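Being a predicted model, the structure only gives us computed values, none of them experimental. Naming convention: chains lettered A, B, ... in sequence-line order (proteins, then strands); numbering from 1 in each chain.
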Number of protein chains: 2
Amino acid sequence: MNIHKIAKLANVSVATVSRVINNPELVKESTLIKVKTVMEENNYKINPFARNLKKVRTKNIIMIIPNDVNPIIFDIAKGAEEILEKYGYIITLFNNRKSLKKQEGLIDMIHKNRNNFFMDGLILFGSASLQEGYEKSLDKLSNTPIVVIDTGAIDKHLDTVYIDEGISILLTLQYLQKKGHHNIGVIAGNEDYNVTKRRLKELFINSEKLGIKINEENIVYGVYDSIESGYNVVKSLLTLNPKPTVIFAFNDLLAIGVMKYLLENNYKIPEDLAVISCDNIPMANYYHPGITTINFPGEEIGKTAAQILLDRIDNKDIPIQKVLFSPTLKIRESC
Amino acid sequence: MNIHKIAKLANVSVATVSRVINNPELVKESTLIKVKTVMEENNYKINPFARNLKKVRTKNIIMIIPNDVNPIIFDIAKGAEEILEKYGYIITLFNNRKSLKKQEGLIDMIHKNRNNFFMDGLILFGSASLQEGYEKSLDKLSNTPIVVIDTGAIDKHLDTVYIDEGISILLTLQYLQKKGHHNIGVIAGNEDYNVTKRRLKELFINSEKLGIKINEENIVYGVYDSIESGYNVVKSLLTLNPKPTVIFAFNDLLAIGVMKYLLENNYKIPEDLAVISCDNIPMANYYHPGITTINFPGEEIGKTAAQILLDRIDNKDIPIQKVLFSPTLKIRESC
DNA sequence: TTGTATGCGTTATCAA
DNA sequence: TTGATAACGCATACAA
């Protein structure tokens, strides 16, 4: 069923049918009703391929997320939605697990997939998980409006909502110092992620600044989306001498793995060993004991990203925007 | 930059350029190289709108998920991926939070969005969350191959991979009986979900069969994706007289909310009060104590769904397939 | 091995 | 207020 058949059935021209769809105010009431009835009766649906061949806005925003675990994503999506829906856009979360499994660069995945998806713009969550050299891949997407939500380094060429990891680390270290912890065990996430490198760099800078010493051997690496890795890698930190008095995990999932191991082995948290981390996922509140963790203002971040994207869609020539968000520390029982 | 310009620049016809893209084996080596070079130099990208106007297979499968929480989804997706990727398909998780917020029927959302996305088929997870009357909406999608993964009632008209809730409930009750529990508190999920109705029905059938009495007042309702609701609604069960000796939550998130409340209030689990639930999300293993829960064979389910979908894409006229999967009980410390 | 011509379903321009 | 028709970019049957 296409526009021609509808036209024939309604005894009008294709142009009139098109007007009924796109500019109904230009069509006489009676023909409008007639055509609409025919469309209804025949369950006519517009063909987006043909339509977009004429370069009409799709009103679709796609948000690419690098993994299926970190729940801050949904807060961000919620915030972005709130803004975008005012302008008639639909936001769709797009999560290609396959590309992750294959260690394919995120951007290359987008590039490949964009041929298969309509969109007016892209919110790209987590250059954090992008491999080195992704900037080159990004060029392929030259004409697509993109906003990056980034916990790693600031990219020069793109609009970016940036989460200040320096503050995360500083807040954590200051709090630990205040609590009297001098010996910190660190469980970082995937070694090759920008966010990991960035946090470690900030860790060195800020610990030096505060006069806290963190030995190389006190740092181990887990996998961000694997609770199990937290469970496993903490063991090596417990063999250190002197033993750390607190474990700083780079996200809540790692922290949960750590705590499970500690609880199973009859450690009291935080008395025997404290735990602190980043993300403030809902589970951080409902684990027992509750997890002290860095909170990122997800909804605000989403709203800002959406606004910037709309600006960019509206006018490709405005200057690049960078917005910085600062996290806060959510204190619970684990530390 | 389009196929015509490339043709002109390379001094060949559009047909040849098209062949370079789609049937390179039909093109002479030297022209192939020449055309490819020109395409490269001009950063030529195929226009998917024009291409799909010609009804080419997109090799895209979309999996619609009803909410962003239940992690079994990712197991299923993993299984489905494994099969689909053999045939060159890409599976994409598609999660439209907006439609959920608005309580819009899931199918209506798909219908609206399908105009904006290319796909050869659809894996529809959870008629569980579909509202009554969704079958009518489904008709709109008449021509799209669909496989439903369903924990609720079997739909007559669609290929379905079905999870046997009768067995889930039976296994749970048998285990509780064996452990000597006669007074069971039940925390069901959203009252209007098919999966909830189905489980409650099975609960009545099987408890009767086993001679276990479950009073109406022992059943309260939470919200599947809200840990907090589990935390809150368990309170009323604790005021019952006699007090239940075990809480049966309809999913792990609810169970975690329950356990958080119990642990905060110095209940010993399972000595003072046991907890059992459904889903076996990773966190069920890493909560402390570990949660005894019903395990669904997610990967197997995904593989089966993918295979059925491929069959359907291949031949629209084969009879409807129904496959039933049985869950198992994963015993940990909470019960 | 390559080229010509046509159709895919829609929108937009122009004329009536 | 409506209609005829030319694009849009690509794939393909047919011809050469």
Side-chain angles (χ1 to χ4, degrees), chain A residues 1-40 42-60 112 114-120 140 142-144, chain B residues 1-40 42-60 112 114-120 143-144:
Chain A
M1 191 50 57
N2 63 30
I3 213 173
H4 285 97
K5 291 184 187 165
I6 296 292
K8 192 152 286 176
L9 289 171
N11 248 320
V12 295
S13 71
V14 286
T16 298
V17 178
S18 181
R19 276 185 217 103
V20 168
I21 296 168
N22 301 291
N23 301 93
E25 69 279 7
L26 300 178
V27 181
K28 192 168 63 175
E29 178 85 19
S30 59
T31 40
L32 189 69
I33 293 172
K34 186 173 62 181
V35 173
K36 275 192 166 176
T37 309
V38 173
M39 292 198 308
E40 193 74 29
N42 293 277
N43 191 25
Y44 167 75
K45 274 178 304 230
I46 212 163
N47 181 320
F49 304 100
R51 161 174 262 190
N52 280 276
L53 203 49
K54 292 298 232 178
K55 302 194 196 318
V56 171
R57 289 272 166 89
T58 67
K59 288 284 178 179
N60 250 299
K112 241 168 48 188
R114 96 188 268 249
N115 283 346
N116 290 309
F117 289 87
F118 299 55
M119 61 183 165
D120 291 344
K140 297 182 194 164
S142 51
N143 263 330
T144 309
Chain B
M1 191 51 57
N2 61 34
I3 213 174
H4 285 97
K5 292 184 186 166
I6 296 292
K8 191 151 286 175
L9 288 171
N11 249 320
V12 296
S13 70
V14 287
T16 299
V17 178
S18 180
R19 275 185 218 106
V20 169
I21 297 168
N22 301 292
N23 301 93
E25 70 278 7
L26 300 179
V27 180
K28 192 169 62 174
E29 177 84 17
S30 60
T31 38
L32 189 69
I33 293 171
K34 186 171 61 179
V35 173
K36 275 191 167 175
T37 309
V38 174
M39 293 200 303
E40 193 75 30
N42 293 276
N43 191 25
Y44 167 75
K45 276 179 302 233
I46 213 163
N47 181 321
F49 304 101
R51 160 175 265 191
N52 281 79
L53 203 49
K54 298 295 262 183
K55 301 195 197 318
V56 170
R57 286 275 165 89
T58 66
K59 287 284 179 180
N60 250 298
K112 240 167 51 190
R114 94 187 268 250
N115 283 344
N116 291 308
F117 289 86
F118 300 55
M119 59 181 168
D120 291 344
N143 264 330
T144 310

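Under the side-chain contact (heavy atoms from CB on, under 4.5 Å) criterion, A:N2 pairs with A:H4, A:K5, not counting sequence neighbours.
Within residues 23-38 of chain B, no residue places a heavy atom under 4.0 Å from DNA chain D.
At D:dC10, none of the side-chain N or O atoms of B:N47 fall inside 4.0 Å of OP1 or OP2 (strictly under the cut-off). Contact check, A:R51 against C:dT11: a side-chain N or O comes under 4.0 Å of OP1 or OP2.
Remark: B:L26 CG to B:T31 OG1 distance equals 11.0 Å, nearest 0.5 Å. Annotation: the span from A:E40 atom CD to A:I6 atom CD1 amounts to 10.5 Å, rounded to 0.5 Å. Rounding to the nearest 0.5 Å places OG1 of B:T37 at 9.0 Å from CG of B:L32.
For the pair B:M1 CE and D:dG9 P, the interatomic distance rounds to 11 Å; values are reported in whole Å. Rounded to whole Å, atom P of C:dG9 lies 17 Å from atom CG of A:N22. Computed from coordinates, the A:N2 CG to C:dG9 P distance equals 5 Å when rounded to whole Å. The separation between B:I6 atom CD1 and D:dG9 atom P is 12 Å, rounded to whole Å. For the pair B:I3 CD1 and C:dT2 C1', the computed distance is 14 Å after rounding to whole Å.
Nearest heavy atoms, B:N11 versus B:K34: O-NZ, 4.4 Å. When all heavy atoms of B:Y44 and B:I3 are compared, the pair lying nearest together is CE1-N, 3.9 Å.
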Pair up each side-chain donor or acceptor in residues 13-25 of chain B with any protein partner under 3.5 Å, not counting sequence neighbours, and list the distances.
| from | atom 1 | to | atom 2 | distance (Å) |
| --- | --- | --- | --- | --- |
| B:S13 | OG | B:A15 | N | 3.4 |
| B:S13 | OG | B:T16 | N | 3.3 |
| B:S13 | OG | B:T16 | OG1 | 3.3 |
| B:S18 | OG | B:N22 | ND2 | 3.4 |
| B:N22 | OD1 | B:R51 | NH2 | 2.8 |
| B:N22 | ND2 | B:S18 | O | 3.0 |

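Using a 4.0 Å heavy-atom criterion, one finds that B:V17 contacts no nucleic acid atom at all.
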Please produce a list of atom pairs where a protein N or O lies less than 3.5 Å from an N or O of nucleotides 4-7 of chain D.
| from | atom 1 | to | atom 2 | distance (Å) |
| --- | --- | --- | --- | --- |
| D:dA7 | N3 | A:K54 | NZ | 2.7 |

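Comparing the local axis fitted to the first five base pairs of the helix from C:dT1-D:dA16 to C:dA16-D:dT1 with the one fitted to its last five gives a bend of 30°, rounded to 10°.
Comparing B:T16 and A:Y44 against DNA chain C, the residue whose closest nucleotide sits nearer the 5' end is B:T16.
In A:K36, the NZ atom is not crowded: 12 or fewer heavy atoms of neighbouring residues, nucleotides or ligands sit closer than 6.0 Å.
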